[in-house]
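Working notes, structure below.
Remember, it's a predicted structure, so these values are computed and weren't measured experimentally. Order of listing sets the numbers, starting from 1, for every ligand and every atom in it.
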Amino acid sequence: SLGDNFNLLSPKQQELVKILLNNGQDHLFRDWPAPGVDDDEKKAFFDQLVLLDSSYPGGLESYINNAKRLLADSKAGTNPFDGFTPSVPTGETLTFGDENFIKFEEAGVREARRAAFVLVAGGLGERLGYNGIKVALPAETTTGTRFLQHYIESILALQEASSDGEGKTQIPFVIMTSDDTHGRTLELLESNSYFGMQPTQVTLLKQEKVACLDDNDARLALDPKNRYRIQTKPHGHGDVHSLLHSSGILKVWYNAGLKWVLFFQDTNGLLFKAIPSALGVSSTKQYHVNSLAVPRKAKEAIGGITRLTHSDGRSMVINVEYNQLDPLLRASGYPDGDVNSETGYSPFPGNINQLILELGPYIEELTKTGGAIQEFVNPKYKDSSKTAFKSSTRLECMMQDYPKTLPPSARVGFTVMETWFAYAPVKNNAEDAAKVPKGNPYHSATSGEMAIYRANSIILKKAGFQVADPVLQNFNGQEVEVWPRITWKPKWGLTFSSIKSKVSGNCSISHKSTLAIKGQKIFIENLAVDGAVIIDAVDDAEVKVGGSVQNKGWTIEPIDYKDSSEPEVLRIRGFKFNKVEQVEENYSKPGKFQFKG
Ligand code: UGB
């Protein structure tokens with residue numbers, strides 16, 4: 001047992017051990033050999049305990065107490081929504097390109113100089129089963145732009161567009177990592193010169209895992225492979241709030257005059273098309289919390305934004321996670337549960353976990369809570385007595401649960417965007433995506449990439465281009481719309497107005513075509529594309545592009561996800577481009593140029 005081993009400890013460690021012993025954790029030290037045996041391992045064990053203690057708001061004692069309470073609730077089958085009635089909330093609905101949308105985009109771009117961005121990227125993406133980190137995946141394979149690169153270039157484009165002319169604005173960018181992703185995220189940034197961002201603009205905050213629990217008494221689980229280690233698992237994206245709080249960075253931002261914090265997830269190639277307008281909604285409506293949402297298909301694996309009204313009168317607008325929505329509805333007067341209404345969609349908007357928080361009220365709230373977010377536990381019981389677990393469990397938390405502790409006076413709203421321009425995550429592997437119920441989105445690498453071409457095609461169409469209609473094709477067992485492969489850099493087309501200002505005359509693009517716009521001041525006038533064309537230009541080069549481009553272009557070749565001769569990043573999408581013929585123009589010097597196809 002612990003015995004004389006106690007003397008190995010620093011006063012701080014002794015303090016912590018006493019707390020653990022008082023909280024039913026004596027099993028941790030059971031059958032320990034006397035000092036002199038395994039001392040290094042024992043020291044490492046205490047270091048781990050100190051880390052677990054310091055990285056949880058309120059320390060391990062709070063963790064154990066919270067776990068006991070939540071495990072008791074789970075055993076008793078307590079309904080977390082007891083007393084609450086769900087109803088469909090109302091929020092702002094945006095239609096891409098209309099007057100209202102353009103007005104919000106303008107407001108959002110102005111506000112962006114007072115914004116900071118936070119990417120939660122600590123998850124491994126178990127559902128996708130990709131070997132690398134998800135932010136390193138190409139969002140699309142026409143240009144090979146990675147998610148992280150696209151995010152950074154989007155933030156830089158916003159930064160430039162919102163600068164007050166003195167060019168001093170530097171939008172801060174935080175990435176939450178975990179032990180699973182930290183090293184590879186840092187290495188991706190460093191080996192790519194931070195994709196053009198100043199390294200000082202970027203802060204990596206690593207989340208720690210939390211202790212696993214063996215039983216309903218919240219006894220911490222020892223690692224089955226090492227008696228001197230506690231077994232740990234991820235605590236969820238909700239950690240981002242306590243990390244931002246404890247890092248002190250929020251106060252730095254506040255003192256620098258910032259007003260908005262925008263949270264987003266690791267693989268959504270469309271998101272930044274929705275950011276300017278959504279930020280405009282936040283500032284115009286003075287929302288303390290603004291969640292982005294899209295129309296949701298029943299049973300889709302995204303949470304539902306719901307108004308919950310308590311019998312005591314309290315009411316809040318909050319995400320109800322996808323696994324909880326159906327039982328909640330069935331228990332409260334919706335006998336069919338989570339089903340589509342006559343519109344073909346669930347009446348509850350789908351949460352895409354893009355949150356915009358106003359910094360001042362956010363800091364105020366975190367000062368009260370220490371950044372702690374309401375948690376939940378999801379033990380898999382051995383049998384209906386609910387006394388033993390199949391495997392150890394742990395507490396979890398989600399960033400979108402932040403509003404749960406807010407006072408009723410808080411202004412909590414949400415903004416519904418059309419899915420085609422706001423949401424196309426890459427979460428499911430090919431096999432699971434192919435099994436998604438017909439009509440529901442695949443959320444795969446295939447659909448994520450095709451959604452980018454689709455959105456860009458629709459946007460150019462709205463800007464006056466004649467764009468060929470899409471063709472349905474099947475890749476990796478998924479039927480997707482294939483549009484012309486149009487891509488552009490965020491600095492070329494940050495907002496709909498900026499895109500419209502760069503497209504004029506009679507322009508068209510055929511279905512087999514690829515158009516990649518890689519510069520900022522590229523003006524397209526009377527251009528007809530039937531083939532592949534890539535225009536690359538430095539920022540000081542102004543290029544007018546027109547005429548008729550005709551070549552064999554890039555064809556799409558289906559590949560099977562099981563074909564191990566292909567690289568994993570291609571296999572997971574089920575196709576690759578065969579670059580038969582293209583026009584590629586490079587403008588590497590400042591000046592005015594003209595390209596005529
Ligand atoms: N993440 C972390 O940074 N740390 C962690 O410990 C875990 C995750 P998933 P899921 O918008 O599409 C969320 O696994 O289960 C990061 C919402 O809860 O992709 O699909 C991770 O790296 C749900 O309401 O989340 O569900 C990634 O960037 C719905 O909105 C992010 O957190 C859905 O996303 C999300 O992780 C959605």
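For ligand 1, none of its N or O atoms has an N or O atom of Ile302 under 3.5 Å away. Where the criterion is an N or O separation shorter than 3.5 Å, residue side chain and backbone included, Pro234 fails it with respect to ligand 1. Residue Ile352 has at least one N or O atom closer than 3.5 Å to an N or O atom of ligand 1.
For the residue pair Glu190 / Asn192, no side-chain donor-acceptor distance below 3.5 Å is found, with atom types taken as modelled. If you check the side chains of Thr405 and Glu365, you find a donor sitting under 3.5 Å from an acceptor. The closest side-chain donor-acceptor pair between Glu479 and Asn474, if any, does not fall under 3.5 angstrom. For Glu375 and His235, the side-chain atoms include at least one donor-acceptor pair closer than 3.5 Å. No side-chain N or O of Glu358 forms a donor-acceptor pair with one of Gln286 less than 3.5 Å apart. Remark: the Tyr56 side chain and the Asn66 side chain contain an N/O donor-acceptor pair separated by less than 3.5 Å. Lys427 and Asn268 are not linked by any side-chain donor-acceptor pair at a separation below 3.5 angstrom, with hydrogens and angles left out of the test.
Here Glu321 has side-chain heavy atoms under 4.0 Å from ligand 1, and that is the only part of it that gets that close. When heavy-atom distances to ligand 1 are checked against a 4.0 Å cut-off, Thr181 has no atom that comes that close, whether in backbone or side chain. Using a 4.0 Å cut-off between heavy atoms, Arg127 contacts ligand 1 through its side chain alone, with no backbone atom that close. The part of Ala121 lying near ligand 1 is the backbone, judged by heavy-atom distances below 4.0 Å. Only the side chain of Gln400 comes within 4.0 Å of ligand 1, judged by heavy-atom distances.
Residue-ligand proximity: Tyr423 is placed with a non-hydrogen atom under 4.0 Å from ligand 1. Ligand 1 has at least one atom lying under 4.0 Å from a heavy atom of Gly236. Residue-ligand proximity: Gln207 is placed with a non-hydrogen atom under 4.0 Å from ligand 1.
In this structure, Phe173 has its ring center no closer than 6.0 Å to that of Tyr151. Checked against the 6.0 Å centroid criterion, the rings of Phe475 and Phe575 qualify as a close aromatic pair.
Atoms of ligand 1 found under 4.0 Å from any heavy atom of Tyr322, numbered from 1 in the order shown, are 10 (P), 15 (O), 20 (O). For ligand 1, the atoms closer than 4.0 angstrom to any heavy atom of Asn319 are 24 (O). Atoms of ligand 1 found under 4.0 Å from any heavy atom of Gly303, numbered from 1 in the order shown, are 23 (C), 24 (O), 29 (C).
In this structure, Lys299 fails the cation-pi test against Tyr322, since its NZ or CZ atom is not both closer than 6.0 Å to the six-membered ring centre and inside 45 degrees of the ring normal.
Within a 4.0 Å radius of atom 14 (O) of ligand 1, the protein has no heavy atom.
Annotation: atom 16 (C) of ligand 1 to nearest protein heavy atom, Val120 O, 3.7 Å. Residue, atom and distance of the protein heavy atom nearest to atom 1 (N) of ligand 1 are Gly123 N, 3.5 Å. For atom 32 (O) of ligand 1, the closest non-hydrogen atom on the protein side is His237 CD2, 3.2 Å. Protein heavy atom at the shortest distance from atom 27 (C) of ligand 1 is Asp266 OD2, 3.4 Å. Summary of contacts: the protein heavy atom closest to atom 3 (O) of ligand 1 is Gly122 N, 2.8 Å. Counting protein heavy atoms only, atom 10 (P) of ligand 1 is closest to Lys427 NZ, 3.6 Å. Atom 35 (C) of ligand 1 has Gln265 OE1, 3.3 Å as its closest protein atom, hydrogens excluded (heavy atom only). Closest protein heavy atom to atom 30 (O) of ligand 1: Asn351 O, 2.6 Å.
Within a 6.0 Å radius of NZ in Lys251, other residues, nucleotides and ligands contribute 12 heavy atoms or fewer. For Glu187, the CD atom sits in a loose shell: 12 or fewer heavy atoms of surrounding residues, nucleotides or ligands are nearer than 6.0 Å.
Rounding to the nearest 0.5 angstrom, the gap separating the CG atom in Asn428 from the CG atom in Asn476 is 12.5 Å.
Screening Asn351, Thr419, Asp338 for a side chain to side chain donor-acceptor pair (under 3.5 Å) with Arg296, the sole residue that qualifies is Asp338.
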